[in-house]
Amino acid sequence: MKTGFIGLGVMGTPMALNLLSAGTDLIVWNRSPESAETLRAAGAEVAAGIDELFRKSQVVILMLATDAVIDAVLERDTPAFAERVAEHVVIHMGTTTPMYSKALEADIGAVGGRYVEAPVSGSRRPAEEGQLVAMLAGDADVVKEVRPLLTAMCREAVVCGAVPNALLMKLAVNIFLITSVTGLAEAAHFADRQGLDMGLFKTVVDAGQMASGISRIKSAKLVERDFSVQAAISDVLKNNELVAEAARQAGIASPLLDACHALYAETENLGFGREDMAAVIRAFEARTEAISLPFGN
């Protein structure tokens, strides 16, 4: 049987390509057919439809953006759902609410399917390089079964226990990611408005103890004003909202995350939703302009 892969977006395409490079017999499908042509050229079979993909595969990876899209792909809450997922392992690698994932696991199990929650930490470049970090949750035997499949896409796969612990872990890690990149953007904005040499700013940031893989990538983007997408503003905003919702439901304070939510929403409202998350600097710039304007007049 082949391995199925559904969802060939910014992250899904390089992930699927890495599976192919590792020798996985892959069949893919995407709502936008043109997105599958890269995979076809690389040697994957492109399914004519979702039914064909499920018929030819036993393990199906979903790299989809929202719960509504997942439900539509699986035809959940319809008679076709049971026929589609029975006797399959469904691996959910996107980011949704933990509560949604828990309910999906129950529904898939009820019709004779098996489920693994496997969100990943990382953006487009780590996806291209096979350097994502996966967080796995589900029945221990099923997790053990599918874990080797993920090595082509992920440099590490951390078992987190029962569903929805993997998604909760992903949301916790996202707080660190979002607040860190936002802080770096504010630092770059401060340095720029103080008239500092931005090349030297990048040198100091990259050489200091706060430097990391993500800070080096984002500092280059900020200094070069290169906002080509790796993790889009709109996607980060969506993830921010997922974390905030989970925090509210658990009665957990999230003051830094709430501040970031406002900044990413402002950046999206300025029309930069499809730019990289480093473009959050545009929100700082807009706020500075709003402060400066009365004095400039």
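Small disclaimer: the values here were computed from a predicted structure and weren't measured.
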Run through Val73, Thr66, Leu74 and flag the one making a side chain to side chain contact (heavy atoms under 4.5 Å, CB included) with Ile70.
-> Leu74
Should [X] and [Y] be counted in the same cluster of Ile, Leu, Val, Met, Phe, Trp and Tyr side chains packed under 4.5 Å apart?
X      : Y      : result
Val90  : Leu104 : yes
Met93  : Leu136 : yes
Ile233 : Ile281 : no
Leu150 : Val116 : yes
Val146 : Val60  : no

CA sep, side-chain torsions, deciding dist, call: Arg155, Glu129, salt bridge (charged side-chain N to carboxylate O under 4.0 Å, His left out) = CA-CA 9 Å; Arg155 63 177 172 82; Glu129 297 171 351; over 6 Å; no
Heavy-atom check, side chain of Glu275 versus side chain of Arg282, under 4.5 Å |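 They are in side-chain contact.
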Is there side-chain contact between Leu62 and Ile91, with heavy atoms separated by less than 4.5 Å?
->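 Contact flag for Leu62/Ile91 side chains = no.
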Salt bridge flag under 4.0 Å for residues [X] and [Y]:
X      : Y      : result
Glu87  : Arg114 : no
Arg125 : Glu128 : no
Lys56  : Glu45  : yes
Glu241 : Lys238 : no
Glu186 : Arg193 : no
Arg274 : Asp235 : yes
Lys218 : Asp276 : yes
Glu224 : Lys202 : no

Please test Ile50 against Glu75 for side-chain contact (heavy atoms from CB on, under 4.5 Å), starting from the C-alpha separation and ending with a verdict.
-> CA-CA 10 Å; Ile50 302 172; Glu75 293 196 65; over 6 Å; no
Measure the spacing between [atom1] of [X] and [atom2] of [Y] and express it to the nearest 0.5 Å.
X      : Y      : atom1 : atom2 : value
Asp107 : Asp71  : CG    : CG    : 8.5 Å
Thr13  : Phe5   : OG1   : CZ    : 8.0 Å
Asp197 : Thr203 : CG    : OG1   : 8.0 Å

Could you pull out all residues at least two apart from Val111 that satisfy side chain to side chain contact (heavy atoms under 4.5 Å, CB included)?
->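 Scan of Val111 (side chain to side chain contact (heavy atoms under 4.5 Å, CB included), adjacent residues dropped) gives Phe81, Ala82, Val85.
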Can you list the steps and then say if Arg84 with Glu52 is a salt bridge (charged side-chain N to carboxylate O under 4.0 Å, His left out)?
-> CA-CA 10 Å; Arg84 184 158 286 179; Glu52 181 186 10; over 6 Å; no
His92 vs Tyr115 aromatic rings, parallel, tilted or perpendicular, using cut-offs 30° and 60°?
-> tilted
Of Asn165, Thr96, Thr95, the residue whose pairing with Lys170 passes side-chain hydrogen bond (donor to acceptor under 3.5 Å, both in side chains) = Thr95
